[in-house]
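Encoded as structure tokens, the structure appears first; notes follow it.
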Amino acid sequence: MIKVDLSGCGNISLDTEKALGAVKALKDGSGKGNDFIGWTTLPYDYDKEEFARIKSAASRIRKDGDALVVIGIGGSYLGARAAIELLKTARHNEIEKPAIYFIGNGLDGADLNQVLSLIEGKSVYVNVISKSGTTLEPALAFRIFREYMEKKYGKEEAAKRIFATTDKARGALKTLADAEGYETFVVPDNVGGRYSVLTAVGLLPIAAAGIDIDEMMDGAAKGMTEALSGDANAAAVLYAAARQALYNSGKKVEILSYPGENFRFMAEWFKQLYGESEGKEHMGIFPSSCELTADLHSLGQYIQDGERMLLETIFRFEKESLEVEVPFDEANGDGLNYVAGKKYSEVFKAAAAGVKKAHITGGVPVIEITSDSVSAESFGEMVSFYEAACGISGYMQGVNPFDQPGVEEYKKNMFALLGKK
């Protein structure tokens with residue numbers, strides 16, 4: 001269960017009436033961008049037939065595949081990578097098959113060549129994810145990996161190893177997939193990319209990693225039910241209302257402080273979700289992140305003593321799935337016997353409490369978010385919590401949280417420079 005503690009925010013006044021109005025707008029579809037709120041009911045009414053096909057495809061990949069190459073950018077990869085690294089660790093590829101490589105999320109030729117080298121001599125599957133099939137970064141990567149697969153396996157066998165997650169009826173990728181015979185999965189029309197992790201966009205790579213997606217959807221259903229219940233004390237309502245109260249008091253940057261490397265891409269997913277949803281009309285909190293405690297040795301000084309435009313959200317789990325206990329050392333040469341016998345989770349909890357106290361003393365309001373433990377269920381619950389809170393917060397701010405008009409500007413300039421007509 002997700003819990004939100006606002007005791008570190010000082011004497012802020014929450015506009016719960018406005019927050020609950022936003023909840024109502026999400027539920028009855030009366031708010032801005034209401035053609036993209038399918039994620040609010042997705043945990044309950046997802047396509048069960050497609051869900052079964054996702055599990056079947058994932059089973060084939062796990063049985064026969066040494067490597068899965070996932071091609072996508074933004075919401076087409078961040079959620080899946082977040083789930084895999086959180087639940088399977090950031091070192092997943094060194095531990096078990098299939099190794100999962102995310103590519104097409106930038107224009108780094110060296111990275112692409114490295115993945116080509118890593119999959120050489122292995123049994124390879126590809127999942128290309130794009131609503132249109134023409135987004136430059138993933139489309140370029142897919143052109144290269146499609147050629148690789150056809151040279152390696154021949155067109156007929158390659159077609160059995162390529163999965164396309166795309167529009168249900170139209171677009172360049174859908175047209176190609178139908179012509180070549182790729183199995184296809186759907187990017188729903190009413191779910192925007194950054195809200196799509198619980199669709200085939202995220203679920204196929206997640207299931208291919210061996211994560212229980214039934215459990216994940218159960219957690220998401222519980223999380224969404226609570227978030228949109230109309231309860232003023234629901235965690236998502238409290239978080240959204242607190243963010244907006246702090247924003248209105250001059251806090252323009254939110255730092256998500258998170259527990260270790262395995263959570264890194266959860267923070268990256270959070271930054272896209274909130275940055276694209278709220279950064280409009282010259283408004284919005286700028287989302288940032290900080291790994292506890294590693295980044296305190298680089299960012300800690302600024303957070304403690306820099307300009308006071310920050311709010312901080314500390315996320316932590318109450319329990320670790322795999323505990324490590326600090327051993328006793330008779331010589332105590334490092335002077336650490338004061339933590340001997342304690343588990344790392346206890347040490348981190350104390351560190352997080354120390355960070356919270358220090359930053360509050362330094363004038364940074366701190367919201368603390370906790371989840372029970374790391375599991376597929378808790379990941380699904382986190383997704384629902386953050387998505388619902390983002391929708392509520394965006395509506396409270398007065399923007400459409402479900403479009404991203406500003407993203408198109410750089411594309412126009414890039415295409416012109418590359419000579420696209």
Side-chain angles (χ1 to χ4, degrees), residues 2 58 61-62 65-106 108 111 114-115 118-119 125 127 129 193-199 201-213 215-217 219-220 256-274 287-295 313-317 319-324 344-345 348 369 371-387:
I2 302 284
I61 294 167
R62 288 186 61 73
D66 298 314
L68 170 64
V69 178
V70 181
I71 301 172
I73 194 168
S76 294
Y77 94 101
L78 283 171
R81 187 164 183 177
I84 292 167
E85 295 205 0
L86 180 63
L87 301 174
K88 289 288 185 174
T89 87
R91 296 174 178 83
H92 164 260
N93 288 353
E94 302 169 30
I95 299 168
E96 61 180 284
K97 295 194 311 182
I100 300 177
Y101 300 105
F102 292 92
I103 203 72
N105 45 66
D108 186 343
D111 186 38
Q114 185 178 60
V115 172
L118 288 167
I119 64 175
Y125 286 83
N127 178 204
I129 306 166
R194 58 190 178 276
Y195 292 84
S196 67
V197 60
L198 298 178
T199 72
V201 169
L203 292 178
L204 179 55
I206 290 170
I211 296 166
D212 189 333
I213 58 174
E215 185 182 325
M216 186 172 289
M217 295 305 282
L256 172 61
S257 293
Y258 61 90
E261 185 181 5
N262 293 343
F263 201 90
R264 178 189 163 202
F265 272 88
M266 194 72 198
E268 295 301 312
W269 173 79
F270 158 85
K271 287 192 283 189
Q272 186 202 7
L273 180 66
Y274 281 79
S288 183
S289 62
C290 168
E291 182 181 327
L292 295 182
T293 56
D295 285 343
T313 303
I314 295 178
F315 187 101
R316 64 178 179 84
F317 294 100
K319 302 174 191 171
E320 293 290 339
S321 52
L322 294 172
E323 286 285 13
V324 178
Y344 253 58
S345 61
F348 179 82
I369 301 173
S371 179
D372 295 335
S373 61
V374 180
S375 68
E377 182 177 2
S378 68
F379 178 84
E381 186 183 11
M382 276 193 289
V383 168
S384 288
F385 163 78
Y386 275 115
E387 288 181 345

Original post:
Do the side chain of Asn262 and the main chain of Thr89 share a donor and acceptor less than 3.5 angstrom apart?
Top reply: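 Here the side-chain-to-backbone pair does not exist.
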What pairs with [X] under side chain to side chain contact (heavy atoms under 4.5 Å, CB included), at least two apart in sequence or on another chain?
X	answer
Lys97	Asp66
Arg316	Glu318, Phe348, Lys349, Ala352, Glu368, Thr370
Ser196	Val191, Thr199, Val201
Thr293	Leu296, Ala351

Could you tell me which residues satisfy salt bridge (Lys or Arg N to Asp or Glu O under 4.0 Å) with [X], sequence neighbours excluded, listed by chain and number?
X	answer
Asp212	none
Glu261	Arg91
Glu268	Lys271

Original post:
Any chance the rings of Phe315 and Phe317 have centres within less than 6.0 Å?
Top reply: yes
Applying side chain to side chain donor-acceptor pair (under 3.5 Å), can you list everything that pairs with [X], at least two apart in sequence or on another chain?
X	value
Ser375	Ser378
Ser384	none
Tyr258	none
Glu323	Ser345

Subject >> Nearest atoms (heavy-atom pairs only) where Ala208 meets Ala58 >> reply: N-CB, 3.6 Å
Return all side-chain donor-acceptor pairs below 3.5 angstrom for residues 73-83, not counting sequence neighbours, or 'none' if the list is empty.
{"residue": "Arg81", "atom": "NE", "partner": "Glu85", "partner atom": "OE2", "Å": "2.9"}
{"residue": "Arg81", "atom": "NH2", "partner": "Glu85", "partner atom": "OE2", "Å": "3.4"}

